[in-house]
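To find a chain, count down the sequence lines: A is the first, B the second, and so on, and within it residues start at 1.
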Number of protein chains: 2
Amino acid sequence: MDPERLDPLDQAILRVLADDARATFAQVGEAVSLSAPAVKRRVDRLRERGVIRGFTVRLDPAALGWHTEAFVEIFCQGSTSPATMRAAVERYAEVVSASTVTGDVDLVVQVRARDMRHLEEVVERLAAEPFVARTRSTIVLSALVRRPEALPAPDA
Amino acid sequence: MDPERLDPLDQAILRVLADDARATFAQVGEAVSLSAPAVKRRVDRLRERGVIRGFTVRLDPAALGWHTEAFVEIFCQGSTSPATMRAAVERYAEVVSASTVTGDVDLVVQVRARDMRHLEEVVERLAAEPFVARTRSTIVLSALVRRPEALPAPDA
DNA sequence: GATGAAATTTTTATGCC
DNA sequence: GGCATAAAAATTTCATC
(Lines give C-alpha, C1' and ligand atoms only; values in the text may rest on other atoms or scores of the structure.)
Protein backbone atom coordinates (compact mmCIF):
# COMPACT_ATOMS: atom_id res chain seq x y z
CA MET A 1 0.00 0.00 0.00
CA ASP A 2 3.05 2.23 0.55
CA PRO A 3 5.22 1.18 -2.39
CA GLU A 4 7.75 3.85 -1.55
CA ARG A 5 7.53 6.05 1.47
CA LEU A 6 7.19 9.76 0.82
CA ASP A 7 10.32 11.62 1.76
CA PRO A 8 10.04 14.90 3.69
CA LEU A 9 10.48 16.92 0.49
CA ASP A 10 7.52 15.21 -1.19
CA GLN A 11 5.45 15.78 1.93
CA ALA A 12 6.37 19.45 1.98
CA ILE A 13 5.45 19.80 -1.69
CA LEU A 14 2.08 18.16 -1.10
CA ARG A 15 1.38 20.48 1.80
CA VAL A 16 2.05 23.52 -0.36
CA LEU A 17 -0.12 22.20 -3.19
CA ALA A 18 -2.92 21.31 -0.77
CA ASP A 19 -2.97 24.94 0.25
CA ASP A 20 -2.72 26.29 -3.28
CA ALA A 21 -2.75 23.88 -6.17
CA ARG A 22 -2.10 26.66 -8.64
CA ALA A 23 1.13 27.80 -7.03
CA THR A 24 3.87 27.90 -9.64
CA PHE A 25 6.66 25.33 -9.50
CA ALA A 26 9.00 28.19 -8.66
CA GLN A 27 6.83 29.21 -5.69
CA VAL A 28 6.62 25.64 -4.42
CA GLY A 29 10.34 25.37 -4.95
CA GLU A 30 10.99 28.46 -2.89
CA ALA A 31 8.92 27.01 -0.03
CA VAL A 32 10.79 23.72 -0.06
CA SER A 33 14.22 24.91 -1.23
CA LEU A 34 14.22 23.26 -4.63
CA SER A 35 14.40 24.50 -8.20
CA ALA A 36 11.26 24.68 -10.33
CA PRO A 37 12.28 21.76 -12.56
CA ALA A 38 13.03 19.61 -9.54
CA VAL A 39 9.58 20.34 -8.13
CA LYS A 40 7.94 19.54 -11.44
CA ARG A 41 9.74 16.21 -11.69
CA ARG A 42 8.63 15.25 -8.18
CA VAL A 43 5.05 16.31 -8.85
CA ASP A 44 5.01 14.32 -12.10
CA ARG A 45 6.28 11.28 -10.24
CA LEU A 46 3.71 11.69 -7.46
CA ARG A 47 1.00 11.73 -10.12
CA GLU A 48 2.42 8.63 -11.82
CA ARG A 49 2.55 6.85 -8.47
CA GLY A 50 -1.07 7.76 -7.85
CA VAL A 51 -0.33 9.71 -4.68
CA ILE A 52 -1.66 12.80 -6.44
CA ARG A 53 -4.99 11.90 -8.03
CA GLY A 54 -5.59 15.28 -9.55
CA PHE A 55 -6.23 18.92 -8.86
CA THR A 56 -9.52 20.50 -8.02
CA VAL A 57 -11.17 23.73 -7.02
CA ARG A 58 -12.52 24.55 -3.57
CA LEU A 59 -15.95 26.13 -3.90
CA ASP A 60 -18.29 27.86 -1.47
CA PRO A 61 -21.32 25.54 -1.19
CA ALA A 62 -23.66 28.38 -0.19
CA ALA A 63 -22.64 30.44 -3.21
CA LEU A 64 -23.60 27.47 -5.37
CA GLY A 65 -27.03 27.16 -3.84
CA TRP A 66 -26.36 24.41 -1.29
CA HIS A 67 -27.81 25.66 1.98
CA THR A 68 -28.62 22.39 3.71
CA GLU A 69 -26.59 19.34 4.63
CA ALA A 70 -27.40 16.09 6.36
CA PHE A 71 -26.19 12.63 7.25
CA VAL A 72 -28.66 10.00 6.10
CA GLU A 73 -28.16 6.64 7.75
CA ILE A 74 -29.53 3.75 5.75
CA PHE A 75 -30.62 0.33 6.97
CA CYS A 76 -30.63 -2.22 4.16
CA GLN A 77 -32.95 -5.15 3.66
CA GLY A 78 -31.29 -8.56 3.85
CA SER A 79 -27.77 -8.39 2.50
CA THR A 80 -27.02 -5.80 -0.15
CA SER A 81 -23.61 -5.74 -1.80
CA PRO A 82 -21.51 -2.57 -1.51
CA ALA A 83 -21.43 -2.50 -5.31
CA THR A 84 -25.22 -2.28 -5.43
CA MET A 85 -25.29 0.48 -2.83
CA ARG A 86 -22.58 2.36 -4.62
CA ALA A 87 -24.27 2.15 -8.01
CA ALA A 88 -27.49 3.48 -6.54
CA VAL A 89 -26.06 6.29 -4.49
CA GLU A 90 -23.59 7.43 -7.14
CA ARG A 91 -26.43 8.63 -9.36
CA TYR A 92 -27.42 11.33 -6.87
CA ALA A 93 -25.86 14.71 -7.59
CA GLU A 94 -26.71 15.56 -3.98
CA VAL A 95 -24.52 12.83 -2.48
CA VAL A 96 -21.23 14.09 -1.14
CA SER A 97 -20.01 10.85 0.37
CA ALA A 98 -21.27 7.37 1.06
CA SER A 99 -19.67 4.79 3.31
CA THR A 100 -20.54 1.33 4.49
CA VAL A 101 -20.03 1.17 8.24
CA THR A 102 -19.94 -1.08 11.26
CA GLY A 103 -22.84 -1.09 13.70
CA ASP A 104 -26.56 -1.32 13.24
CA VAL A 105 -26.60 1.09 10.31
CA ASP A 106 -25.36 -0.30 6.99
CA LEU A 107 -24.65 2.85 5.01
CA VAL A 108 -24.00 6.49 5.92
CA VAL A 109 -24.71 8.96 3.14
CA GLN A 110 -23.73 12.59 3.40
CA VAL A 111 -26.15 14.72 1.38
CA ARG A 112 -26.16 18.32 0.24
CA ALA A 113 -29.42 20.02 -0.71
CA ARG A 114 -30.67 23.43 -1.73
CA ASP A 115 -33.02 23.62 1.25
CA MET A 116 -35.11 21.47 3.57
CA ARG A 117 -37.71 20.83 0.92
CA HIS A 118 -35.02 19.53 -1.42
CA LEU A 119 -33.42 17.48 1.35
CA GLU A 120 -36.75 15.88 2.12
CA GLU A 121 -37.17 15.00 -1.54
CA VAL A 122 -33.70 13.41 -1.68
CA VAL A 123 -34.34 11.37 1.47
CA GLU A 124 -37.61 10.16 -0.03
CA ARG A 125 -35.84 9.09 -3.19
CA LEU A 126 -33.21 7.25 -1.15
CA ALA A 127 -35.86 5.58 0.99
CA ALA A 128 -37.57 4.36 -2.18
CA GLU A 129 -34.45 2.50 -3.39
CA PRO A 130 -35.27 -1.21 -3.50
CA PHE A 131 -32.58 -2.26 -1.02
CA VAL A 132 -33.45 0.38 1.59
CA ALA A 133 -35.43 -0.79 4.59
CA ARG A 134 -35.38 2.39 6.61
CA THR A 135 -33.52 5.69 6.88
CA ARG A 136 -32.61 8.02 9.73
CA SER A 137 -31.54 11.58 8.99
CA THR A 138 -29.42 13.96 11.00
CA ILE A 139 -29.34 17.60 9.89
CA VAL A 140 -26.06 19.47 9.98
CA LEU A 141 -26.51 22.66 11.97
CA SER A 142 -23.03 24.09 11.54
CA ALA A 143 -20.03 22.89 9.56
CA LEU A 144 -17.22 23.53 12.06
CA VAL A 145 -14.39 21.95 10.08
CA ARG A 146 -14.18 20.89 6.42
CA ARG A 147 -10.81 19.51 5.47
CA PRO A 148 -11.44 16.99 2.73
CA GLU A 149 -7.89 16.90 1.40
CA ALA A 150 -5.82 14.12 2.92
CA LEU A 151 -2.41 15.34 4.06
CA PRO A 152 0.66 13.28 4.89
CA ALA A 153 -0.03 11.39 8.11
CA PRO A 154 1.69 12.61 11.26
CA ASP A 155 4.48 10.33 12.42
CA ALA A 156 3.63 7.56 14.83
CA MET B 1 -26.45 34.55 -0.09
CA ASP B 2 -26.60 34.47 -3.89
CA PRO B 3 -25.54 38.02 -4.73
CA GLU B 4 -25.63 37.20 -8.40
CA ARG B 5 -26.68 33.88 -9.77
CA LEU B 6 -24.07 31.89 -11.66
CA ASP B 7 -24.80 31.82 -15.34
CA PRO B 8 -24.46 28.55 -17.27
CA LEU B 9 -21.02 29.55 -18.53
CA ASP B 10 -19.69 30.05 -15.00
CA GLN B 11 -21.19 26.72 -14.02
CA ALA B 12 -19.52 25.01 -16.95
CA ILE B 13 -16.17 26.59 -16.10
CA LEU B 14 -16.46 25.43 -12.48
CA ARG B 15 -17.24 21.91 -13.60
CA VAL B 16 -14.14 21.80 -15.77
CA LEU B 17 -11.98 23.18 -12.96
CA ALA B 18 -13.47 20.75 -10.45
CA ASP B 19 -12.30 17.96 -12.72
CA ASP B 20 -8.87 19.47 -13.37
CA ALA B 21 -7.92 22.63 -11.57
CA ARG B 22 -4.68 22.88 -13.50
CA ALA B 23 -6.30 22.96 -16.91
CA THR B 24 -5.11 26.00 -18.83
CA PHE B 25 -7.51 28.83 -19.57
CA ALA B 26 -7.33 27.84 -23.22
CA GLN B 27 -8.37 24.26 -22.38
CA VAL B 28 -11.25 25.44 -20.24
CA GLY B 29 -12.18 27.85 -22.98
CA GLU B 30 -12.28 25.09 -25.55
CA ALA B 31 -14.64 23.10 -23.33
CA VAL B 32 -17.01 26.02 -22.82
CA SER B 33 -16.54 27.82 -26.14
CA LEU B 34 -14.82 30.90 -24.86
CA SER B 35 -11.44 32.51 -25.43
CA ALA B 36 -8.69 32.05 -22.85
CA PRO B 37 -8.79 35.66 -21.66
CA ALA B 38 -12.56 35.50 -21.26
CA VAL B 39 -12.18 32.40 -19.08
CA LYS B 40 -9.49 34.04 -17.00
CA ARG B 41 -11.64 37.11 -16.40
CA ARG B 42 -14.55 34.94 -15.26
CA VAL B 43 -12.32 32.84 -13.00
CA ASP B 44 -10.82 35.99 -11.47
CA ARG B 45 -14.30 37.29 -10.84
CA LEU B 46 -15.45 34.00 -9.30
CA ARG B 47 -12.50 34.19 -6.91
CA GLU B 48 -13.29 37.80 -6.00
CA ARG B 49 -16.88 36.86 -5.35
CA GLY B 50 -15.74 34.05 -3.09
CA VAL B 51 -17.43 31.36 -5.14
CA ILE B 52 -13.98 29.90 -5.78
CA ARG B 53 -12.18 29.67 -2.45
CA GLY B 54 -8.99 28.25 -3.83
CA PHE B 55 -7.40 25.32 -5.56
CA THR B 56 -6.21 22.12 -4.01
CA VAL B 57 -4.79 18.72 -4.76
CA ARG B 58 -6.66 15.43 -4.54
CA LEU B 59 -4.52 12.85 -2.76
CA ASP B 60 -4.82 9.13 -2.21
CA PRO B 61 -5.34 8.72 1.56
CA ALA B 62 -3.93 5.18 1.58
CA ALA B 63 -0.76 6.30 -0.18
CA LEU B 64 -0.30 8.86 2.59
CA GLY B 65 -0.64 6.31 5.33
CA TRP B 66 -4.33 6.78 6.22
CA HIS B 67 -5.82 3.30 6.31
CA THR B 68 -8.67 3.77 8.76
CA GLU B 69 -11.64 6.11 8.90
CA ALA B 70 -14.49 6.58 11.34
CA PHE B 71 -17.38 8.75 12.39
CA VAL B 72 -17.09 9.73 16.03
CA GLU B 73 -20.34 11.02 17.51
CA ILE B 74 -19.87 13.24 20.51
CA PHE B 75 -22.30 13.97 23.31
CA CYS B 76 -21.44 17.20 25.12
CA GLN B 77 -21.87 18.04 28.79
CA GLY B 78 -24.33 20.85 29.50
CA SER B 79 -24.22 23.39 26.74
CA THR B 80 -21.00 23.85 24.83
CA SER B 81 -20.67 26.59 22.21
CA PRO B 82 -19.88 25.63 18.65
CA ALA B 83 -16.83 27.90 18.90
CA THR B 84 -15.48 25.84 21.78
CA MET B 85 -16.07 22.60 19.92
CA ARG B 86 -14.47 23.98 16.83
CA ALA B 87 -11.38 25.25 18.60
CA ALA B 88 -10.88 21.86 20.22
CA VAL B 89 -11.47 19.70 17.20
CA GLU B 90 -9.50 21.90 14.84
CA ARG B 91 -6.23 21.03 16.57
CA TYR B 92 -6.51 17.38 15.49
CA ALA B 93 -4.62 16.62 12.28
CA GLU B 94 -6.77 13.49 12.09
CA VAL B 95 -10.07 15.39 11.87
CA VAL B 96 -11.49 15.55 8.36
CA SER B 97 -14.76 17.23 9.20
CA ALA B 98 -16.76 18.24 12.24
CA SER B 99 -20.40 19.26 12.29
CA THR B 100 -22.88 20.18 14.96
CA VAL B 101 -26.09 18.28 14.30
CA THR B 102 -29.71 17.86 15.30
CA GLY B 103 -30.76 14.87 17.36
CA ASP B 104 -29.38 13.34 20.53
CA VAL B 105 -25.77 13.62 19.38
CA ASP B 106 -24.25 17.11 19.52
CA LEU B 107 -21.24 16.79 17.25
CA VAL B 108 -20.24 14.40 14.47
CA VAL B 109 -16.52 14.21 13.80
CA GLN B 110 -15.10 12.40 10.81
CA VAL B 111 -11.65 11.06 11.64
CA ARG B 112 -8.83 9.58 9.61
CA ALA B 113 -6.18 7.42 11.24
CA ARG B 114 -3.19 5.33 10.29
CA ASP B 115 -4.73 2.18 11.74
CA MET B 116 -7.07 0.96 14.47
CA ARG B 117 -4.51 1.58 17.17
CA HIS B 118 -4.16 5.17 16.05
CA LEU B 119 -7.93 5.59 15.76
CA GLU B 120 -8.36 4.33 19.28
CA GLU B 121 -5.81 6.84 20.49
CA VAL B 122 -7.60 9.71 18.72
CA VAL B 123 -10.97 8.69 20.15
CA GLU B 124 -9.43 8.60 23.62
CA ARG B 125 -8.03 12.08 23.17
CA LEU B 126 -11.42 13.33 21.98
CA ALA B 127 -13.19 11.65 24.88
CA ALA B 128 -10.81 13.40 27.28
CA GLU B 129 -11.77 16.88 26.03
CA PRO B 130 -13.38 18.75 28.92
CA PHE B 131 -16.72 19.30 27.20
CA VAL B 132 -17.15 15.71 26.04
CA ALA B 133 -19.54 13.54 28.03
CA ARG B 134 -19.46 10.44 25.87
CA THR B 135 -18.52 9.28 22.39
CA ARG B 136 -19.83 6.66 20.01
CA SER B 137 -17.69 5.52 17.08
CA THR B 138 -18.67 3.99 13.79
CA ILE B 139 -15.90 2.53 11.65
CA VAL B 140 -15.99 3.09 7.90
CA LEU B 141 -15.75 -0.26 6.15
CA SER B 142 -15.72 0.98 2.57
CA ALA B 143 -15.70 4.46 1.10
CA LEU B 144 -18.20 4.05 -1.74
CA VAL B 145 -18.34 7.70 -2.84
CA ARG B 146 -16.04 10.63 -2.02
CA ARG B 147 -17.03 13.81 -3.77
CA PRO B 148 -15.97 16.65 -1.48
CA GLU B 149 -16.04 19.38 -4.10
CA ALA B 150 -19.37 21.20 -4.22
CA LEU B 151 -20.67 21.58 -7.75
CA PRO B 152 -23.36 23.91 -9.02
CA ALA B 153 -26.69 22.72 -7.65
CA PRO B 154 -29.08 21.01 -10.05
CA ASP B 155 -32.04 23.17 -11.01
CA ALA B 156 -35.14 22.93 -8.88
C1' DG C 1 19.13 9.00 -9.36
C1' DA C 2 18.35 13.53 -8.65
C1' DT C 3 19.58 18.32 -9.24
C1' DG C 4 20.26 23.14 -11.20
C1' DA C 5 21.10 26.40 -15.18
C1' DA C 6 19.90 27.64 -19.55
C1' DA C 7 17.07 27.46 -23.72
C1' DT C 8 12.57 26.88 -25.75
C1' DT C 9 7.68 26.59 -25.81
C1' DT C 10 3.40 27.57 -23.74
C1' DT C 11 0.54 30.15 -20.81
C1' DT C 12 -0.85 34.11 -18.37
C1' DA C 13 -1.88 38.81 -17.92
C1' DT C 14 -3.14 43.32 -20.09
C1' DG C 15 -4.37 46.86 -23.16
C1' DC C 16 -7.25 47.78 -26.96
C1' DC C 17 -11.12 47.17 -30.01
C1' DG D 1 -16.14 39.07 -25.18
C1' DG D 2 -12.19 38.61 -28.78
C1' DC D 3 -7.54 39.81 -30.48
C1' DA D 4 -2.71 41.08 -30.04
C1' DT D 5 1.23 41.54 -27.28
C1' DA D 6 4.49 41.57 -23.35
C1' DA D 7 5.61 39.20 -19.22
C1' DA D 8 5.72 35.04 -16.68
C1' DA D 9 5.65 30.13 -16.19
C1' DA D 10 6.06 25.51 -17.81
C1' DT D 11 8.73 22.30 -20.05
C1' DT D 12 12.82 20.35 -22.24
C1' DT D 13 17.63 19.94 -22.73
C1' DC D 14 21.93 19.35 -20.95
C1' DA D 15 25.80 19.28 -17.74
C1' DT D 16 26.93 18.15 -12.82
C1' DC D 17 27.20 16.02 -8.33
Does A/Arg86 make a cation-pi contact with A/Tyr92, if we ask for NZ or CZ under 6.0 Å from the ring centre and within 45° of the axis? no

Hydrophobic side-chain clustering at under 4.5 Å (ILVMFWY, transitive links): who's grouped with A/Leu141? Put none if nobody. none

To the nearest 0.5 Å, atom CG of A/Asp10 lies from atom CZ of A/Arg15 at 11.0 Å

[X] has an atom [atom1]; how far is it from atom [atom2] of [N], in whole Å?
{"X": "B/Leu9", "N": "D/dG2", "atom1": "CG", "atom2": "C1'", "result": "14 Å"}
{"X": "A/Arg42", "N": "D/dA10", "atom1": "CZ", "atom2": "P", "result": "18 Å"}
{"X": "B/Arg45", "N": "C/dT14", "atom1": "CZ", "atom2": "C1'", "result": "18 Å"}
{"X": "A/Leu34", "N": "D/dC17", "atom1": "CG", "atom2": "C1'", "result": "15 Å"}
{"X": "A/Asp44", "N": "D/dT13", "atom1": "CG", "atom2": "P", "result": "14 Å"}
{"X": "B/Asp20", "N": "C/dT11", "atom1": "CG", "atom2": "P", "result": "13 Å"}

Could you tell me whether the side chain of B/Leu14 reaches within less than 4.5 Å of the side chain of B/Leu46, counting heavy atoms only? yes

Taking the minimum atom-to-atom distance to the side chain of B/Ala38, which one of D/dA10, C/dT3, D/dG1 wins? D/dG1

Close N/O contacts between protein and nucleotides 4-9 of chain D (under 3.5 Å):
none

Test side chain to side chain contact (heavy atoms under 4.5 Å, CB included) applied to B/Thr68 and B/His118, step by step: CA-CA 9 Å; B/Thr68 305; B/His118 183 196; over 6 Å; no

Which is true for B/Arg41 with a 4.0 Å heavy-atom rule: it touches a base, it touches only sugar-phosphate, or it touches nothing? base

Check this one for me: any side-chain N or O of B/Lys40 less than 4.0 Å away from OP1 or OP2 of C/dA13? yes

State plainly whether one hydrophobic cluster holds both B/Val111 and B/Met116, where clusters connect Ile, Leu, Val, Met, Phe, Trp and Tyr through side-chain heavy atoms under 4.5 angstrom apart. yes

For A/Ala36 and for A/Arg22, find the nucleotide of DNA chain C with the closest heavy atom, then tell me which residue's nucleotide is more 5'. A/Ala36

